[in-house]
Amino acid sequence: MATTESPYIPGPEIDSTFAHTTNLASAALNTRILACSNEYFAAASNLLTPTAPINRPGVFIHTGAWYDGWETRRHNPDPYDWVVIKLGTARAAIQGVEVDTGFFVGNYGEKAEVQATCSDADDAVLADPSYAGWTTILPPQPCGPSQRRAWRVPGFDPKNPTPYTHVRLLMYPDGGFGRLRLYGHAIPAARGERVAVAGAQDEEEEELSSALCGGLALAASDQHYTPCSNLLLPGRGKDMGDGWETARSRAPGHVDWAIVQLGLPGAVSRVVVDTKDFRGNFPRVVRVHGLVQGEGGEDGPVAVPAHDHPGWVEIVKGDQRCQADTEHVFQGADLAAGVDAQAFTHVKLTLVPDGGVKRFRVFGRRA
(Lines give C-alpha, C1' and ligand atoms only; values in the text may rest on other atoms or scores of the structure.)
Protein backbone atom coordinates (compact mmCIF):
# COMPACT_ATOMS: atom_id res chain seq x y z
CA MET A 1 0.00 0.00 0.00
CA ALA A 2 1.29 3.47 -0.85
CA THR A 3 2.28 5.74 2.02
CA THR A 4 -0.12 8.49 3.09
CA GLU A 5 2.23 10.11 5.63
CA SER A 6 3.16 13.77 5.44
CA PRO A 7 6.00 14.08 2.93
CA TYR A 8 8.13 16.57 4.92
CA ILE A 9 10.66 15.18 7.42
CA PRO A 10 12.24 17.50 10.01
CA GLY A 11 16.02 17.69 9.85
CA PRO A 12 16.76 15.81 13.11
CA GLU A 13 14.62 12.88 11.90
CA ILE A 14 16.13 12.42 8.43
CA ASP A 15 18.82 9.91 9.34
CA SER A 16 16.55 7.73 11.49
CA THR A 17 13.70 7.84 8.94
CA PHE A 18 15.95 6.53 6.16
CA ALA A 19 18.23 4.34 8.29
CA HIS A 20 17.39 1.20 6.31
CA THR A 21 18.01 2.65 2.86
CA THR A 22 20.87 3.44 0.50
CA ASN A 23 21.73 6.91 -0.78
CA LEU A 24 21.36 6.26 -4.50
CA ALA A 25 22.57 9.75 -5.45
CA SER A 26 26.17 8.99 -4.56
CA ALA A 27 29.26 8.89 -6.73
CA ALA A 28 30.36 5.94 -4.57
CA LEU A 29 27.56 3.91 -6.25
CA ASN A 30 28.75 5.00 -9.72
CA THR A 31 25.93 7.54 -10.03
CA ARG A 32 26.95 10.38 -12.36
CA ILE A 33 25.86 13.65 -13.93
CA LEU A 34 24.79 13.53 -17.58
CA ALA A 35 24.06 17.21 -18.17
CA CYS A 36 22.96 20.43 -16.49
CA SER A 37 21.61 23.79 -17.53
CA ASN A 38 24.44 25.75 -15.90
CA GLU A 39 27.28 25.25 -13.38
CA TYR A 40 29.09 28.56 -13.61
CA PHE A 41 30.08 28.91 -9.96
CA ALA A 42 30.32 25.28 -8.80
CA ALA A 43 30.09 21.91 -10.56
CA ALA A 44 26.92 19.83 -10.49
CA SER A 45 29.02 16.72 -9.79
CA ASN A 46 29.46 18.00 -6.22
CA LEU A 47 25.81 17.07 -5.58
CA LEU A 48 26.86 13.41 -5.60
CA THR A 49 29.81 13.62 -3.19
CA PRO A 50 29.23 10.92 -0.53
CA THR A 51 30.39 13.07 2.40
CA ALA A 52 28.71 16.15 3.89
CA PRO A 53 29.42 19.59 2.37
CA ILE A 54 32.39 21.52 3.73
CA ASN A 55 33.05 25.24 4.02
CA ARG A 56 36.17 27.22 3.11
CA PRO A 57 35.45 30.81 4.10
CA GLY A 58 37.68 33.34 2.42
CA VAL A 59 38.75 30.97 -0.38
CA PHE A 60 38.14 32.41 -3.85
CA ILE A 61 38.58 30.98 -7.34
CA HIS A 62 38.30 32.57 -10.79
CA THR A 63 34.49 32.70 -10.72
CA GLY A 64 34.17 33.89 -7.10
CA ALA A 65 33.85 32.26 -3.68
CA TRP A 66 34.56 28.52 -3.54
CA TYR A 67 31.49 26.37 -2.75
CA ASP A 68 31.12 22.65 -2.17
CA GLY A 69 27.95 22.10 -4.16
CA TRP A 70 26.22 23.00 -7.41
CA GLU A 71 25.83 26.71 -8.03
CA THR A 72 24.49 28.42 -11.15
CA ARG A 73 24.63 31.99 -12.48
CA ARG A 74 22.35 34.71 -11.20
CA HIS A 75 19.30 36.00 -13.10
CA ASN A 76 18.21 32.77 -14.78
CA PRO A 77 15.86 33.71 -17.65
CA ASP A 78 14.09 30.32 -17.36
CA PRO A 79 11.82 29.19 -14.51
CA TYR A 80 14.46 26.82 -13.12
CA ASP A 81 17.94 25.36 -13.54
CA TRP A 82 18.21 21.60 -13.98
CA VAL A 83 20.60 18.66 -13.74
CA VAL A 84 20.13 15.15 -15.19
CA ILE A 85 21.56 12.27 -13.14
CA LYS A 86 22.09 8.67 -14.19
CA LEU A 87 21.79 6.26 -11.25
CA GLY A 88 24.59 3.76 -10.76
CA THR A 89 22.19 0.86 -10.20
CA ALA A 90 20.42 -1.05 -12.96
CA ARG A 91 17.10 0.18 -11.55
CA ALA A 92 16.18 1.70 -8.23
CA ALA A 93 13.27 2.32 -5.88
CA ILE A 94 13.24 5.87 -4.47
CA GLN A 95 11.30 6.46 -1.27
CA GLY A 96 12.83 9.70 -0.05
CA VAL A 97 14.58 12.84 -1.27
CA GLU A 98 16.92 15.17 0.61
CA VAL A 99 18.27 18.53 -0.56
CA ASP A 100 21.13 19.85 1.55
CA THR A 101 21.83 23.57 1.06
CA GLY A 102 24.88 23.40 3.34
CA PHE A 103 26.73 26.76 3.46
CA PHE A 104 24.57 28.33 0.74
CA VAL A 105 23.01 31.27 2.59
CA GLY A 106 22.42 34.29 0.33
CA ASN A 107 22.59 32.17 -2.78
CA TYR A 108 20.61 28.98 -2.14
CA GLY A 109 17.99 27.62 -4.52
CA GLU A 110 14.56 28.54 -3.20
CA LYS A 111 12.67 25.40 -4.28
CA ALA A 112 13.50 21.90 -5.46
CA GLU A 113 11.55 19.49 -7.65
CA VAL A 114 12.56 15.94 -8.57
CA GLN A 115 11.54 14.10 -11.72
CA ALA A 116 12.43 10.53 -12.68
CA THR A 117 12.21 8.05 -15.50
CA CYS A 118 13.00 4.42 -16.28
CA SER A 119 14.64 4.28 -19.67
CA ASP A 120 17.22 2.35 -21.68
CA ALA A 121 17.71 5.28 -24.04
CA ASP A 122 21.18 6.60 -24.81
CA ASP A 123 22.67 9.16 -22.45
CA ALA A 124 22.38 11.86 -25.11
CA VAL A 125 18.62 11.33 -25.34
CA LEU A 126 18.10 11.64 -21.57
CA ALA A 127 20.42 14.66 -21.35
CA ASP A 128 18.51 16.58 -24.01
CA PRO A 129 16.25 19.27 -22.47
CA SER A 130 13.52 18.25 -24.93
CA TYR A 131 13.22 14.72 -23.49
CA ALA A 132 9.56 14.31 -22.54
CA GLY A 133 9.65 11.08 -20.51
CA TRP A 134 10.04 12.62 -17.06
CA THR A 135 7.53 12.02 -14.26
CA THR A 136 7.45 14.27 -11.21
CA ILE A 137 8.03 12.16 -8.08
CA LEU A 138 8.42 15.16 -5.75
CA PRO A 139 6.59 18.39 -6.61
CA PRO A 140 8.32 21.73 -5.91
CA GLN A 141 9.29 22.00 -2.23
CA PRO A 142 10.69 25.00 -0.36
CA CYS A 143 14.34 24.89 0.66
CA GLY A 144 16.09 27.07 3.20
CA PRO A 145 19.53 28.57 3.73
CA SER A 146 22.30 26.18 4.83
CA GLN A 147 20.10 23.30 6.04
CA ARG A 148 19.02 19.74 5.33
CA ARG A 149 15.45 19.25 4.11
CA ALA A 150 13.91 15.91 3.21
CA TRP A 151 10.61 14.52 1.98
CA ARG A 152 9.01 11.14 1.49
CA VAL A 153 8.15 10.43 -2.13
CA PRO A 154 4.34 10.66 -2.32
CA GLY A 155 2.70 7.39 -3.29
CA PHE A 156 5.76 5.21 -2.67
CA ASP A 157 4.71 1.56 -2.30
CA PRO A 158 7.40 -0.57 -0.57
CA LYS A 159 5.81 -3.80 -1.79
CA ASN A 160 5.58 -2.71 -5.41
CA PRO A 161 8.00 0.18 -5.97
CA THR A 162 8.25 1.95 -9.29
CA PRO A 163 11.69 1.38 -10.86
CA TYR A 164 13.80 4.34 -12.03
CA THR A 165 17.10 4.67 -13.87
CA HIS A 166 17.52 8.48 -14.08
CA VAL A 167 16.43 11.55 -12.14
CA ARG A 168 16.24 15.24 -12.99
CA LEU A 169 16.61 17.81 -10.22
CA LEU A 170 15.02 21.21 -10.83
CA MET A 171 16.20 24.23 -8.83
CA TYR A 172 13.86 27.25 -8.76
CA PRO A 173 14.87 29.77 -10.03
CA ASP A 174 18.69 29.49 -9.70
CA GLY A 175 21.35 29.48 -6.97
CA GLY A 176 23.04 26.65 -5.13
CA PHE A 177 22.44 23.22 -3.58
CA GLY A 178 25.16 21.40 -1.63
CA ARG A 179 24.00 17.78 -1.92
CA LEU A 180 21.17 15.72 -3.36
CA ARG A 181 20.40 12.47 -1.56
CA LEU A 182 17.94 9.91 -2.92
CA TYR A 183 16.98 7.31 -0.34
CA GLY A 184 15.87 3.86 -1.42
CA HIS A 185 17.44 0.67 -2.70
CA ALA A 186 18.59 -0.97 -5.88
CA ILE A 187 16.20 -3.29 -7.68
CA PRO A 188 18.28 -6.32 -8.70
CA ALA A 189 18.59 -7.09 -12.37
CA ALA A 190 16.75 -10.17 -13.63
CA ARG A 191 18.79 -13.33 -14.08
CA GLY A 192 19.27 -12.72 -17.78
CA GLU A 193 20.31 -9.09 -17.20
CA ARG A 194 22.78 -9.57 -14.36
CA VAL A 195 26.26 -8.11 -14.61
CA ALA A 196 29.12 -10.62 -14.64
CA VAL A 197 31.19 -10.75 -11.45
CA ALA A 198 34.94 -10.32 -11.88
CA GLY A 199 36.67 -13.58 -10.93
CA ALA A 200 33.37 -15.45 -10.67
CA GLN A 201 33.76 -19.18 -10.13
CA ASP A 202 30.92 -19.90 -12.55
CA GLU A 203 28.33 -18.02 -14.59
CA GLU A 204 25.73 -18.35 -11.81
CA GLU A 205 27.80 -16.58 -9.15
CA GLU A 206 26.69 -13.07 -8.15
CA GLU A 207 27.56 -10.61 -5.39
CA LEU A 208 24.54 -11.19 -3.16
CA SER A 209 25.36 -8.45 -0.67
CA SER A 210 26.22 -5.49 -2.94
CA ALA A 211 24.28 -2.26 -2.63
CA LEU A 212 24.10 -2.37 -6.43
CA CYS A 213 21.99 -5.53 -6.07
CA GLY A 214 19.78 -4.14 -3.31
CA GLY A 215 21.86 -5.12 -0.28
CA LEU A 216 21.08 -3.04 2.81
CA ALA A 217 23.04 -2.41 6.01
CA LEU A 218 20.38 -2.76 8.70
CA ALA A 219 22.13 -2.34 12.03
CA ALA A 220 25.49 -2.17 13.76
CA SER A 221 26.76 -2.21 17.31
CA ASP A 222 28.84 0.92 16.72
CA GLN A 223 29.43 3.37 13.86
CA HIS A 224 31.55 5.91 15.70
CA TYR A 225 33.81 6.90 12.82
CA THR A 226 32.09 5.74 9.62
CA PRO A 227 28.81 3.94 8.76
CA CYS A 228 28.53 0.22 8.13
CA SER A 229 26.65 0.95 4.88
CA ASN A 230 30.09 1.60 3.34
CA LEU A 231 30.73 -2.15 3.57
CA LEU A 232 28.39 -2.77 0.62
CA LEU A 233 29.77 -0.21 -1.83
CA PRO A 234 31.34 -1.37 -5.10
CA GLY A 235 35.10 -1.37 -5.57
CA ARG A 236 37.74 -1.07 -2.87
CA GLY A 237 37.35 2.64 -2.19
CA LYS A 238 40.01 5.32 -1.87
CA ASP A 239 40.89 5.66 1.82
CA MET A 240 39.98 4.68 5.39
CA GLY A 241 37.07 7.14 5.35
CA ASP A 242 34.90 5.02 3.06
CA GLY A 243 34.87 1.86 5.17
CA TRP A 244 33.24 0.92 8.48
CA GLU A 245 35.18 1.79 11.64
CA THR A 246 34.08 1.45 15.26
CA ALA A 247 35.33 3.11 18.43
CA ARG A 248 38.07 1.49 20.50
CA SER A 249 36.74 -0.95 23.10
CA ARG A 250 38.10 -1.54 26.57
CA ALA A 251 35.71 -4.11 28.07
CA PRO A 252 36.89 -7.74 28.17
CA GLY A 253 35.04 -9.93 25.68
CA HIS A 254 33.80 -6.99 23.61
CA VAL A 255 32.84 -7.51 19.96
CA ASP A 256 31.32 -5.26 17.30
CA TRP A 257 28.88 -6.45 14.66
CA ALA A 258 27.01 -5.35 11.54
CA ILE A 259 23.88 -6.95 10.07
CA VAL A 260 23.23 -6.91 6.32
CA GLN A 261 20.11 -7.86 4.40
CA LEU A 262 21.17 -9.51 1.16
CA GLY A 263 19.85 -7.92 -2.00
CA LEU A 264 19.76 -11.39 -3.54
CA PRO A 265 18.93 -14.13 -1.03
CA GLY A 266 20.83 -17.26 -1.89
CA ALA A 267 23.48 -19.89 -1.28
CA VAL A 268 27.00 -18.73 -0.38
CA SER A 269 30.12 -19.77 -2.28
CA ARG A 270 32.65 -17.12 -1.21
CA VAL A 271 33.06 -14.36 1.38
CA VAL A 272 35.47 -11.41 1.19
CA VAL A 273 36.44 -9.30 4.20
CA ASP A 274 38.65 -6.47 2.97
CA THR A 275 40.72 -4.41 5.43
CA LYS A 276 42.19 -2.14 2.74
CA ASP A 277 43.60 1.09 4.27
CA PHE A 278 43.07 -0.18 7.83
CA ARG A 279 46.59 -0.72 9.10
CA GLY A 280 46.85 0.07 12.82
CA ASN A 281 43.16 -0.44 13.43
CA PHE A 282 42.04 -3.62 11.64
CA PRO A 283 40.13 -6.23 13.71
CA ARG A 284 42.15 -9.01 15.29
CA VAL A 285 39.57 -11.63 14.28
CA VAL A 286 36.35 -11.73 12.22
CA ARG A 287 33.37 -14.07 12.25
CA VAL A 288 30.67 -14.44 9.59
CA HIS A 289 27.18 -15.81 10.23
CA GLY A 290 23.96 -16.02 8.22
CA LEU A 291 20.21 -16.41 8.66
CA VAL A 292 18.35 -18.89 6.51
CA GLN A 293 15.23 -17.62 4.77
CA GLY A 294 12.33 -17.29 7.21
CA GLU A 295 14.47 -17.53 10.36
CA GLY A 296 14.75 -13.79 10.93
CA GLY A 297 11.06 -13.01 11.29
CA GLU A 298 9.06 -10.45 9.32
CA ASP A 299 8.16 -7.30 11.22
CA GLY A 300 7.74 -4.80 8.40
CA PRO A 301 9.01 -3.93 4.92
CA VAL A 302 12.56 -4.48 6.23
CA ALA A 303 13.15 -7.25 8.75
CA VAL A 304 15.88 -6.41 11.28
CA PRO A 305 16.92 -9.59 13.09
CA ALA A 306 18.58 -9.24 16.49
CA HIS A 307 22.34 -9.73 16.62
CA ASP A 308 21.79 -12.57 19.12
CA HIS A 309 18.92 -14.21 17.24
CA PRO A 310 19.11 -18.01 17.76
CA GLY A 311 18.84 -18.59 14.00
CA TRP A 312 22.33 -17.31 13.17
CA VAL A 313 24.56 -20.08 11.80
CA GLU A 314 28.20 -20.09 10.79
CA ILE A 315 28.98 -19.31 7.17
CA VAL A 316 32.74 -18.99 7.65
CA LYS A 317 34.21 -21.54 10.03
CA GLY A 318 35.19 -20.21 13.44
CA ASP A 319 37.39 -17.20 14.13
CA GLN A 320 39.46 -15.97 11.21
CA ARG A 321 42.53 -13.89 11.96
CA CYS A 322 42.94 -10.66 10.02
CA GLN A 323 45.86 -8.71 8.64
CA ALA A 324 46.33 -5.05 7.84
CA ASP A 325 45.35 -3.71 4.41
CA THR A 326 44.42 -7.16 3.07
CA GLU A 327 41.60 -8.68 1.07
CA HIS A 328 40.73 -11.85 3.01
CA VAL A 329 38.95 -14.42 0.84
CA PHE A 330 37.11 -17.32 2.48
CA GLN A 331 35.94 -20.16 0.26
CA GLY A 332 36.03 -23.91 -0.08
CA ALA A 333 37.29 -25.46 3.15
CA ASP A 334 36.95 -22.09 4.94
CA LEU A 335 33.15 -22.29 4.70
CA ALA A 336 30.82 -24.26 6.94
CA ALA A 337 29.24 -27.37 5.49
CA GLY A 338 26.01 -26.84 3.57
CA VAL A 339 26.20 -23.07 3.05
CA ASP A 340 26.18 -23.66 -0.70
CA ALA A 341 22.77 -25.31 -0.45
CA GLN A 342 20.82 -22.90 1.77
CA ALA A 343 18.90 -19.69 1.04
CA PHE A 344 20.41 -17.02 3.28
CA THR A 345 18.56 -13.71 3.59
CA HIS A 346 20.81 -11.93 6.11
CA VAL A 347 24.48 -12.04 7.05
CA LYS A 348 26.35 -10.77 10.11
CA LEU A 349 29.96 -9.65 10.27
CA THR A 350 31.50 -9.68 13.75
CA LEU A 351 34.74 -7.85 14.60
CA VAL A 352 36.81 -9.10 17.53
CA PRO A 353 37.18 -6.91 19.46
CA ASP A 354 36.66 -3.81 17.25
CA GLY A 355 38.31 -1.92 14.39
CA GLY A 356 37.70 -1.18 10.75
CA VAL A 357 36.78 -3.07 7.57
CA LYS A 358 36.58 -1.56 4.08
CA ARG A 359 34.27 -4.02 2.29
CA PHE A 360 32.20 -7.08 3.20
CA ARG A 361 31.28 -9.03 0.08
CA VAL A 362 29.17 -12.20 -0.03
CA PHE A 363 29.13 -14.16 -3.28
CA GLY A 364 26.94 -17.05 -4.32
CA ARG A 365 23.90 -18.12 -6.33
CA ARG A 366 20.56 -16.39 -5.91
CA ALA A 367 17.78 -18.54 -4.51
Side-chain angles (χ1 to χ4, degrees), residues 7-9 11 13-15 17-18 21-55 67-72 76 80-89 91-105 107-118 123 126-127 134-154 156 164-186 211 227 229 233:
Y8 177 68
I9 300 167
E13 299 177 14
I14 294 174
D15 292 335
T17 299
F18 298 118
T21 66
T22 295
N23 174 22
L24 302 160
S26 171
L29 275 184
N30 304 324
T31 295
R32 59 190 176 90
I33 303 295
L34 293 187
C36 66
S37 58
N38 185 270
E39 51 184 352
Y40 183 80
F41 287 110
S45 59
N46 291 329
L47 290 168
L48 310 180
T49 302
T51 52
I54 61 175
N55 191 24
Y67 274 92
D68 185 13
W70 170 45
E71 186 182 5
T72 67
N76 183 14
Y80 51 76
D81 276 313
W82 54 267
V83 58
V84 174
I85 299 168
K86 183 174 184 177
L87 300 179
T89 60
R91 285 180 290 274
I94 303 174
Q95 66 187 76
V97 173
E98 178 186 344
V99 173
D100 186 345
T101 57
F103 305 110
F104 288 95
V105 179
N107 53 350
Y108 64 94
E110 293 184 350
K111 290 185 178 181
E113 177 181 349
V114 177
Q115 302 172 335
T117 189
C118 186
D123 289 351
L126 276 297
W134 298 109
T135 298
T136 295
I137 63 171
L138 183 72
Q141 300 291 335
C143 300
S146 193
Q147 60 188 266
R148 297 175 63 186
R149 289 206 163 202
W151 306 268
R152 296 179 181 86
V153 171
F156 175 77
Y164 298 112
T165 57
H166 300 74
V167 297
R168 188 166 79 144
L169 172 65
L170 310 183
M171 176 168 58
Y172 293 85
D174 50 43
F177 290 153
R179 297 288 186 269
L180 171 68
R181 301 182 182 102
L182 301 172
Y183 297 109
H185 62 84
S229 57
L233 296 176

inquiry  = If the test is side chain to side chain contact (heavy atoms under 4.5 Å, CB included), which one of Thr51, Asn55, Ile54 qualifies with Asp68?
reply    =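 With Asp68 as partner, Thr51, Asn55, Ile54 yield a single side chain to side chain contact (heavy atoms under 4.5 Å, CB included), made by Ile54.
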task = Apply the side chain to side chain contact (heavy atoms under 4.5 Å, CB included) test between Trp70 and each candidate in Leu169, Asn46, Ile33; give the one that qualifies.
result =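 Only one of Leu169, Asn46, Ile33 forms a side chain to side chain contact (heavy atoms under 4.5 Å, CB included) with Trp70, namely Leu169.
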[X] to [Y] - nearest heavy-atom pair and separation:
X: Leu170; Y: Trp82; answer: CD2-CB, 3.6 Å
X: Val83; Y: Ala44; answer: CG2-CB, 3.9 Å
X: Leu24; Y: Thr31; answer: O-OG1, 2.7 Å
X: Pro173; Y: Asn76; answer: O-ND2, 2.8 Å
X: Leu47; Y: Phe177; answer: CD2-O, 3.7 Å
X: Ala28; Y: Pro50; answer: CB-CG, 3.9 Å

key: Name of the residue among Arg181, Arg179, Gln147 meeting side chain to side chain donor-acceptor pair (under 3.5 Å) with Asp100   =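 Of the listed residues Arg181, Arg179, Gln147, the side chain to side chain donor-acceptor pair (under 3.5 Å) partner of Asp100 is Arg181.
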ask   = Can you name the salt bridge (Lys or Arg N to Asp or Glu O under 4.0 Å) partners of Asp174, sequence neighbours left out?
value =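 Partners of Asp174 under the salt bridge (Lys or Arg N to Asp or Glu O under 4.0 Å) test: none.
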task = Could you tell me which residues satisfy salt bridge (Lys or Arg N to Asp or Glu O under 4.0 Å) with Glu39, sequence neighbours excluded, listed by chain and number?
result =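 Salt bridge (Lys or Arg N to Asp or Glu O under 4.0 Å) list for Glu39, sorted by chain: empty.
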query = In terms of side-chain geometry, is the basic nitrogen of Asp15 or Arg148 positioned less than 4.0 Å from the acidic oxygen of its partner?
reply =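 Here Asp15 pairs with Arg148 in a salt bridge, since their nearest N and O are under 4.0 Å apart.
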ask   = Charged N to carboxylate O below 4.0 Å: is that the case for Arg149 and Glu98?
value =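 Result for this pair is no, no salt bridge flagged.
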ask   = Just by distance, do the side chain of Ser146 and the backbone of Phe103 share a donor-acceptor pair under 3.5 Å?
value =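 The answer is yes, because a donor-acceptor pair under 3.5 Å joins these two groups.
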ask   = With no hydrogens and no angle check, is any side-chain donor or acceptor of Thr72 less than 3.5 Å from a backbone partner on Gly175?
value =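 Yes, Thr72 side chain to Gly175 backbone: donor-acceptor pair under 3.5 Å.
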key: Thr101 OG1 to Met171 CE distance, which is reported to the nearest 0.5 Å   =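 The CE atom of Met171 is 11.0 Å from OG1 of Thr101, to the nearest 0.5 Å.
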query = For the residue pair His166 and Trp134, does the interplanar ring angle fall in the parallel (under 30°), tilted (30 to 60°) or perpendicular (over 60°) class?
reply =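 Ring orientation of His166 relative to Trp134: perpendicular.
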query = Is there side-chain contact between Ile94 and Val114, with heavy atoms separated by less than 4.5 Å?
reply =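 Ile94 does not reach Val114 side chain to side chain.
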Set of side-chain contact (heavy atoms from CB on, under 4.5 Å) partners for Asn107, sequence neighbours left out =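 Scan of Asn107 (side-chain contact (heavy atoms from CB on, under 4.5 Å), adjacent residues dropped) gives Tyr67, Glu71, Phe104.
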task = Would you please test Leu182 and Leu87 for side-chain contact (heavy atoms from CB on, under 4.5 Å) and show each step?
result = CA-CA 10 Å; Leu182 301 172; Leu87 300 179; 4.1 Å; yes
task = Answer with yes or no whether the side chains of Thr136 and Glu113 bring together a donor and an acceptor at under 3.5 Å.
result =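 Thr136 and Glu113 do have a side-chain donor-acceptor pair below 3.5 Å.
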